[in-house]
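These notes are about the structure you will find just below.
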Amino acid sequence: MNRVLITGGAGFLGSHLCDRLIKDGGDVLCVDNFFTGSKANIAHLIGNPYFELMRHDVTFPLYVEADQIYNLACPASPVHYQFDPVQTTKTSVHGAINMLGLAKRVKARILQASTSEVYGDPAVHPQLESYWGNVNPIGPRSCYDEGKRCAETLFFDYHRQHNLDIKVVRLFNTYGPRMHPNDGRVVSNFIVQALKGEDITIYGDGSQTRSFCYVDDLIEGLVRMMNTEAGFNGPVNMGNPNEFSMLELAEKVLHLVGGKSKLAYHPLPTDDPKQRQPDIALAKEKLGWTPTVQLEDGLIETVAYFRMLLSA
Ligand code: NAD
Ligand code: UDP
C-alpha cells in the first residue's frame, strides 16, 4: 500500500487531495497546523482506517515514514500569507528543508506545490516554465513569492546533490468548494459578496486577468505528476489557460447568483500582477493532462458550496 504524506492536507487543495488518494486506495497521513485549513475540510475522513491526521507545523522537523510526500503546507491567499509574512517564508523555506530531509531519510518521492507567483508580474505572456520571472524581492507579496522560489531552489539542489526523486508543479489560480470564505481571493470574495447582496469589490479597473482552474482538474494533474517516470522533475505549469478579466469574472458570478450587488471599485493592491495565463504544453505532453471543467460549470459547484456554508 502506498503511504502518502500530505502537508497542508486540511486546506482547500490538500483536503481534496486526501479524498482523491483515499479513493485510490492510498494510506494517507495528513499533516497540518490549521493556520488556514480546518478540521471541517477533512472531518468526513476521520474514522477511516487509512486516514490519519496529525497537528504539526512543518517549520519543525517531522519523523514519520512515507513513500510519497505532497508538500502543500503554506497559506496561499494574499490576505493569509501577508498576515504573518515571516512565518510564511519560514513555512516555505524551513518547511521545504524539513520535508526534503524527511524524503531523503526514508527515500520517498516528493512533490512541491509551487506557484505561478514565481513568475511575479510577468513580462512574458503566456508564462512558459523556462521564464525566470519578474519578482519584487522586497514587496508585500515577496514573503510568498520568494519563499516559493527558494523552495524550488532547495528541491532542485536536493535532487542534484542527493539524487532525490523530486517533482515540482507550478499551480495557477485554482478555485472550488472548500475555499476559505474569508481568504480574500477573488473567486471566494465575489461569490460570498454576491450571496450576501454586498458590493462586489473590484480592485483597480478590473481589467487585470487571471486563468482559473477548477479544483478537480488540478488534483488530477497533481496525482499524474507524482506518478510520472523518475527523472522527470519539472517544473510543470498547471492551470487552466482560459483567461478572464476580473470584470468578466464578476459578471459571471452575478449572472449565476442573481441578487442586487453593484460593482465597487477599490485601489489595486501593490505588485498585483496585470495578467496571468499558463502555457500548459509541457503538462499536456508529459502528463497527458488538460483541464476539462469550464469556468461556468466550476462556478456553479462553488456557488452551491458557499450557499450551503452561509446558510449553515
Ligand atoms: P490553503 O491555505 O487552503 O492550504 C494551506 C494549508 O497549509 C492549510 O491547511 C494550512 O493550515 C496549512 N499550513 C500553513 N502553514 C503551515 C505550517 N507551517 N505547517 C503545517 N501546515 C501549514 O491553500 P491552498 O489553496 O489549498 O494551497 C495549497 C498549496 O498550493 C499551497 O502551498 C499554495 O501555495 C499552493 N498553491 C495554491 C494555489 C491556489 O490557487 N489555490 C495556487 C498556487 C499555489
Ligand atoms: N481581486 C479583486 N477583488 C477582490 C479580490 C481580488 O478585484 O475582492 C483581484 C486582485 O486584485 C487580483 C485578482 O483579483 O488582480 C486575483 O486575486 P487573488 O487574490 O484571487 O489571486 P492572485 O492575485 O494571488 O492571483
Side-chain angles (χ1 to χ4, degrees), residues 6-18 30-39 41-42 54-60 62 70-82 84 87-92 94-96 98-99 111-118 121 141 144-145 147-148 151 169-176 178-180 183-193 198-213 215 218-219 222 237-239 244-247 249-250 253 263-276 278:
I6 305 175
T7 75
F12 162 47
L13 296 180
S15 63
H16 285 279
L17 186 59
C18 289
C30 166
V31 164
D32 207 294
N33 70 348
F34 301 115
F35 174 52
T36 51
S38 76
K39 284 187 191 153
N41 285 342
I42 33 98
M54 183 190 277
R55 181 193 288 266
H56 175 80
D57 183 328
V58 295
T59 62
F60 296 97
L62 178 65
Y70 288 86
N71 188 36
L72 271 62
C74 188
S77 84
V79 169
H80 287 150
Y81 70 64
Q82 289 169 14
D84 185 350
Q87 174 67 11
T88 299
T89 305
K90 279 190 189 171
T91 294
S92 277
H94 293 187
N98 289 328
M99 292 311 115
L111 179 146
Q112 168 69 354
S114 190
T115 169
S116 52
E117 291 286 326
V118 301
D121 191 1
R141 294 176 84 103
Y144 184 72
D145 301 8
K148 288 284 188 180
V169 184
R170 292 180 179 155
L171 313 182
F172 284 63
N173 299 58
T174 304
Y175 70 100
R178 299 189 199 151
M179 289 184 92
H180 198 294
D183 71 2
R185 281 189 266 197
V186 68
V187 173
S188 42
N189 263 15
F190 285 6
I191 293 177
V192 169
Q193 288 160 348
E198 295 170 355
D199 287 350
I200 305 287
T201 53
I202 305 280
Y203 300 162
D205 63 4
S207 64
Q208 71 273 32
T209 66
R210 294 293 186 271
S211 308
F212 298 102
C213 186
V215 59
L218 199 280
I219 297 298
L222 289 183
N237 287 339
M238 211 162 269
F244 297 91
S245 72
M246 296 312 103
L247 282 175
L249 178 70
V253 168
L263 303 187
Y265 290 85
H266 294 261
L268 195 64
T270 310
D271 294 340
D272 197 277
K274 280 180 275 307
Q275 53 180 162
R276 192 183 288 148

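Read the numbers this way: they start at 1 and go in the same order the structure lists the ligands and their atoms. Below, each value reflects all heavy atoms present in this structure, side chains not excepted, and no hydrogens, waters or symmetry copies.
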Polar proximity ligand 1 side, Y144 side, N/O cut 3.5 Å exclusive
yes
Pick one of side chain, backbone, both or neither for how I200 approaches ligand 2, counting any non-hydrogen atom pair under 4.0 Å.
neither
Answer with side chain, backbone, both or neither: which part of Q87 has a heavy atom less than 4.0 angstrom from an atom of ligand 1?
side chain
contact_flag H266 ligand 2 heavy-atom lt 4.0 Å
no
For ligand 1, which atoms, with element, lie under 4.0 Å from some heavy atom of T115?
43 (C), 44 (C)
Do me a favour and list the nearest non-hydrogen protein atom to atom 17 (C) of ligand 1 with residue, atom name and distance?
N33 ND2, 3.4 Å
If we only count N/O pairs under 3.5 Å, is P75 in contact with ligand 1?
no
Compute the minimum heavy-atom distance from R178 to ligand 1 and say whether it is under 4.0 Å.
no
Under-4.0 Å heavy-atom contact with ligand 1, by part of K148 that carries it
side chain
min-distance protein heavy atom vs atom 23 (O) of ligand 1 -> A76 CB, 3.5 Å
Quick check: does R210 get an N/O under 3.5 Å from an N/O on ligand 2?
yes
Which is it for V58 and ligand 1 at heavy atoms under 4.0 Å: side chain, backbone, both or neither?
both
Is the shortest N/O to N/O distance between T91 and ligand 1 below 3.5 Å?
yes
Would you call K148 and E117 a salt bridge, using N to O less than 4.0 angstrom?
no
Note the single closest protein heavy atom to atom 15 (O) of ligand 2, along with its residue, its atom name and the distance in Å.
D272 OD1, 2.6 Å
Check contact between T7 and ligand 1, using heavy atoms of the residue and a distance below 4.0 angstrom.
no
Short N or O distance, D57 and ligand 1, threshold 3.5 Å exclusive
yes
Mode of S77 contact toward ligand 1 - side chain, backbone, both, neither (heavy atoms, under 4.0 Å)
neither
Please confirm whether H56 approaches ligand 1 to less than 4.0 Å, judged on its heavy atoms.
yes
Which residue and heavy atom of the protein sit nearest atom 9 (C) of ligand 2, plus the separation:
Q208 NE2, 3.8 Å
Tell me which part of N189 gets within contact of ligand 2: side chain, backbone, both or neither, using heavy atoms under 4.0 Å.
side chain
Is it the side chain, the backbone, both or neither of E117 that has a heavy atom closer than 4.0 Å to ligand 1?
neither
Judged on heavy-atom distance to atom 22 (P) of ligand 2, which of R141, R185, M246 sits nearest?
R141
Take every heavy atom of G9, measure it against each atom of ligand 1, and state whether any distance is under 4.0 Å.
no
Measure the distance from atom 18 (P) of ligand 2 to every protein heavy atom, then report the residue, atom name and distance (to 0.1 Å) of the closest one.
V186 N, 3.9 Å
Minimum-distance protein heavy atom relative to atom 3 (N) of ligand 2:
T201 O, 2.5 Å
N or O pair under 3.5 Å between F12 and ligand 1
yes
Taking atom 7 (O) of ligand 2 as the reference point, the nearest protein heavy atom with its distance:
Y203 N, 2.9 Å
So for G184, does at least one of its heavy atoms come nearer than 4.0 angstrom to any atom of ligand 2?
yes
Hey, is the main chain of Y81 close enough, under 3.5 Å, to the side chain of T88 for a donor-acceptor pair?
yes
